Amino acid sequence: MVSTYCLTPKAHLKIPTIVVFLLKKLSPFHFHHCKFYSHHSLPFPTTSSLHVKAIKDGSFQNLDVANHLLNVYVKSKNLNHACKLFDEMPRRDVRTWTILVSTFARVGSNGAALELFKNMQNEGIKPNQFTLSSVLKCCSSLSELKIGKGVHGWILRNGVVFDVILENALFYFYVKCEDFGSAKWLFESMEEKNSVTCNIMIGAYLDTGNVDKAVDLFRRQGLKGVSIWNTIINGLMRNGFERIALKLLYEMVKDGTLFNEVTFSIALVLVSLLKDLELGKQIHGRVLLSGIHVDGFLRNSLIDMYCKCGEMKMALKVFEKMDTYFGRNENSIEEVISWSSIISGLVLNGEFEDAFKTFTSMVRKDIDIDAFSITSIVSACASFGVLELGRQVHGLVQKMGHKLDAHLGSSLIDMYAKCGNLDDAKRIFKQTNYMNVVLWTSMVYSYALHGRGREAVQLFEFSMSHGLLPNEVTFIGVLTACSHAGLVEEGCRYFRLMKEVYGIKPGVEHFTRMVDLYGRAGQFKEIKKFIDENGIHHLRAVWRSFLSSCRLHRDIEMAEWVSENLLRCKTLDAGPYVLLSNIYAIKERWEEVATVRRLMQSRGVKKQPCQSWIQIRNQVHAFIMDDRSHPQKNEICAYLYKLIGRLRKIGYSSDGKLVMQDVEKKQGEGEMLLGFHSEKLATAYGIISTASQTPIRIMKNLRICDDCHNFMRYTSQLLDKEIIVRDIHRFHHFKHGCCSCGDYW
DNA sequence: GTAGGGTTAG
C-alpha cells in the first residue's frame with residue numbers, strides 16, 4: 001500500500017480550479033421546505049407528462065392524485081422532481097409528508113428527513129407509524145438520542161399503536177445510540193418479536209463485544225433465513241472477527257442458503273478487509289453467475305473491494321460500466337456512492353491527481369457532492385499538503401451545509417494540520433464539540449506533528465478522564481507527541497498503559513515510536529534493551545528509527561552497528577544504504593563504500609529522489625535537486641545565490657559538516673548552482689512569488705537535512721518571514737531564526 | 001424495521 005503521507009507530485013501539477021467553479025455553479029435549488037438537492041436541467045421524464053396532465057385537468061387539486069404522482073417520482077428515484085412537486089402541491093396530508101420523509105431516510109439524507117419532520121410538526125400534521133419509524137431510523141443513523149427520545153415520548157403521549165415494525169425501529173434506535181438500558185427494557189416489554197428483532201439483538205451483542213452471546217443466539221435460531229446469516233457475518237466482520245466471519249460464510253454456502261445482494265456485498269467487504277484479491281475475483285464471478293441483479297450497491301461493493309485490494313484497474317473498469325448502467329438515472333444515491341467510492345479508492349492508492357480530476361468531473365456532471373466524497377477529497381488535500389485547495393473544499397462544506405460529523409471533522413482537522421495550519425485544525429476541533437475517538441486522535445496527532453507535545457498529552461489526558469476509549473491510533477499519536485517533545489517518562493508510562501490497561505497489543509508503529517522516544521533522548525542502551533525485551537529485531541522500521549537517532553547524536557560507531565542490523569533485514573529503502581556509505585566515506589573506508597553500493601544494486605534498491613513542492617495560487621510547483629525544468633529557474637537560482645550571500649553575513653555557513661546525512665552528498669562549493677537541495681529551490685521560489693508578509697509552506701518527501709534546516713532558520717531571521725516545512729515526519733515552523741522543533745528532529 | 005460507501009496511523 002502506498003503511504004499517503006510521503007508522496008511526490010509528478011511535475012508541476014495544475015490544481016483544478018473546480019472549487020471556484022463549484023462555488024459559482026452549485027447554488028442549491030431553494031425548495032420551500034427542503035433545499036438539499038441541487039437542480040439539474042434534465043428534460044422531464046415520462047412521468048412529467050402525467051404531471052402536466054394532472055395540473056391541466058385540475059386533478060392535481062385532488063390529494064390522492066398528487067400523492068400518487070409523488071410516489072411515482074420517488075419510486076423512479078427522481079428526487080429532484082419529487083421535491084419540486086412537493087413544493088407545488090396546494091395541500092399536503094400525512095401521506096405526502098411521509099412519502100418524502102421516508103424516502104429521504106431511505107437514501108441516507110437523514111438530516112434532511114429530520115428537518116422535514118420538524119416542518120411537518122410545525123404545520124400541525126400528526127405523524128403516523130410509517131413516519132415515526134422512518135424518523136427513528138434517521139435518529140439511529142445520526143445517533144440523535146435526544147430527538148429519538150422525544151419521538152418515543154410523543155408516541156407514548158399520543159397513544160400511537162405500537163406494531164412490531166415501529167417497535168423494532170425504536171429498539172434499533174436505542175441500540176444504535178448505545179442506550180442499552182432503554183434497549184433492554186424495551187426488548188423485555190415487547191409482546192411481539194420477529195426475526196428482525198432477533199437480528200437487531202444479535203447486532204447489539206456484536207457491537208458490545210459479546211461475540212459468544214451473539215453466536216449463541218444465532219445458533220439457537222432453527223430455520224435460518226438469509227438475513228440472519230448476513231447479520232451475523234457482517235457483525236463478526238465489523239468487530240474484528242474476520243476469520244470467523246469467513247468461516248461462517250463458507251458454512252452458509254454449505255447450508256445451502258442462497259446469497260442475496262447483501263450477502264455478496266458483505267462478502268466483498270470481508271474480502272477487502274482480508275485483502276484477498278483472489279477470493280474477491282471468485283466472488284465477483286459468483287455474482288455474475290448467480291443472475292442476481294447487480295444493483296448500485298453491489299456494484300459499489302465491487303468497486304470498493306478492488307480499490308481496497310489495490311486493483312485500481314478493475315475498480316475503474318467496474319466504475320466505467322456504471323455510466324451505461326445508470327443511464328439517465330443520474331444522481332441516484334447509488335451513483336453518488338460509486339463516485340465517492342472511486343475517489344476514496346484513488347486517494348487510498350495514492351493517486352491524488354486522478355482523485356482531484358475525478359472530483360472535477362463529478363462536479364461538471366452535476367453529481368451530488370455528498371459528505372463521503374468531500375471527506376475523501378479533504379483527505380487527499382491533507383496528503384498532498386495543498387492548503388488552498390483544502391480551504392476551498394472546506395468552504396464548499398460550509399456552503400452545502402454538510403454537518404461536521406466525526407468523519408468530516410477528522411479529515412478537516414487532519415487536512416489543516418498536515419497543511420501546516422494548526423490554528424485552523426484547532427478551530428475545526430472546537431466546532432465539532434463532541435467526544436469521538438477518531439476526532440480526538442486527529443487533534444492529538446496534529447499537535448504531535450507540530451511538536452506541541454505538552455498540548456497533545458494534555459488533550460489525551462482530558463479525553464481519558466472524560467471516559468473516551470483510546471484506540472491503537474490514539475496511542476501512536478500520543479507516543480509521537482512524547483517523542484517529539486522529549487517526554488521520555490510519560491511515553492513509557494503511556495506504552496505500559498496501552499498494553500496493561502487498554503489491552504492493546506503494540507504494533508510496529510508503537511515500537512518505532514518508543515525507539516524514537518529513547519533515541520531522541522540519546523538513551524541508546526535503553527533502545528537495545530527495549531528491542532531485546534520485545535523481540536523486535538526483525539522490524540526494519542525499528543532499526544531505521546534507531547539509525548536516525550544515531551545521526552542526530554552524531555554517533556558514528558553506533559550508526560554503523562545499527563546499519564548492519566538494518567541491512568540484514570534486507571530493506572529496500574535507500575536511506576540507510578546512503579547513510580552508511582556516507583559514514584564509510586567520511587572514515588575513508590572506500591572498500592566498504594563500494595560494498596554498500598554493490599549491495600544496493602544487487603538488491604535493486606531504488607533511491608527515491610528528494611522532492612519539495614509548494615503551492616502558489618492554484619498551481620503546485622515541484623522541485624528536485626539540480627532541477628532545471630522550472631520556467632523561472634534562472635531567476636530562482638540567481639535569487640538563491642544572492643540570498644545565501646546575505647545569509648553568510650549573519651552567520652550562516654553552508655560548509656558545515658555533512659556527516660550523517662541520509663540524503664546524497666552535495667556537490668562542492670564551486671558547483672553550488674547545481675547542488676541546491678530541492679527545499680532551497682522551493683523556498684527561493686516561494687519568496688520571490690509571494691508578498692513579504694505571507695508565510696511560505698513547503699512540503700517534502702524526505703527528511704530535511706542539517707544544512708537546509710540552518711538555511712531556513714537564517715532566512716526566517718533575515719527576511720522576517722515565516723517558513724513552514726513539512727518533512728516526512730513532522731513540521732518545522734521557522735520564525736525569527738528559530739525552529740519549532742528546537743533543532744531536534 | 002435489520003445487513004452494504006467516507007475520517008485518524010501505515
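Only heavy atoms go into these numbers, but all of them, side chains included; no hydrogens, no water, no symmetry mates. Treat the numbers as computed from the prediction; the structure is a model and nothing was measured. Numbered from 1 within each chain, the chains take letters A, B, ... in sequence-line order.
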Indicate, with a heavy-atom threshold strictly under 4.0 Å, whether A:E472 touches base, sugar-phosphate, or nothing.
nothing
Could you tell me whether A:R219 and A:E251 make a salt bridge, using a distance below 4.0 angstrom between a side-chain N and a carboxylate O?
yes
Going by the rule side chain to side chain contact (heavy atoms under 4.5 Å, CB included), which residues pair with A:T480 if we only count those two or more places apart in sequence or in a different chain?
A:Y445, A:A448, A:I476, A:H484, A:R513
What is the distance from OH of A:Y416 to P of B:dT8, rounded to the nearest Å?
16 Å
In this structure, how many angstroms lie between the P atom of B:dT8 and the CE atom of A:M435, rounded?
20 Å
Whole-Å distance separating the OH atom of A:Y174 from the P atom of B:dG1:
18 Å
Between P on B:dA9 and NE2 on A:H484, what's the gap in Å once rounded to a whole number?
13 Å
Would you kindly give the OH-to-P distance between A:Y445 and B:dG10, to the nearest whole Å?
4 Å
Taking atom types as they are modelled, would you say the side chain of A:D370 forms a donor-acceptor pair with the base of B:dG5 within the 3.5 Å cutoff?
yes
Check whether the side chain of A:S410 and the base of B:dT7 form a donor-acceptor pair under 3.5 Å.
yes
Please state how far atom CD1 in A:I202 lies from atom P in B:dA3, giving the value in whole angstrom units.
13 Å
Tell me if the side-chain of A:N194 makes a donor-acceptor pair with the base of B:dG1, cut-off 3.5 Å, by modelled atom types.
yes
Need one value for A:N436: base, sugar-phosphate or nothing, where a base atom within 4.0 Å counts as base even if backbone is also close, heavy atoms only.
nothing
I want to check one thing: is the phosphate of B:dG10, taken as OP1 and OP2, less than 4.0 Å away from some side-chain N or O of A:R513?
yes
Side-chain contact check for A:K418: nearest option of B:dT7, B:dG5, B:dT8 is B:dT8
Measure the distance between the ring centre of A:F372 and the centre of the six-membered base ring of B:dG5, then answer whether it is under 5.5 Å with planes under 30°.
yes
Short side-chain N/O contact to B:dG1 OP1/OP2 from A:K193, under 4.0 Å
no
Polar pair under 3.5 Å, donor/acceptor by atom type, side chain A:S340, base B:dG5
yes
Among B:dG1, B:dG5, B:dA3, find the nucleotide with the atom closest to the side chain of A:V196.
B:dG1
Between the base of B:dG6 and the side chain of A:D405, is there a donor and acceptor pair under 3.5 angstrom?
yes
Spacing between A:I377 atom CD1 and B:dG5 atom P, to the nearest angstrom
19 Å
side-chain contact (heavy atoms from CB on, under 4.5 Å) test vs A:Q129 passes for just one of A:T98, A:I155, A:L166, A:I165, namely A:L166
Could I get the full list of side chain to side chain contact (heavy atoms under 4.5 Å, CB included) partners for A:N421, not counting sequence neighbours?
A:L387, A:R391, A:Y416, A:D423, A:D424, A:R697
Given atom CE of A:M362 and atom C1' of B:dG6, what is their separation to the nearest angstrom?
11 Å
Please classify the nucleic acid contact of A:T441 as base, sugar-phosphate, or nothing, using heavy-atom distances under 4.0 Å.
base
Taken to the nearest 0.5 Å, the spacing of A:C198 SG from A:F187 CZ works out to 7.5 Å
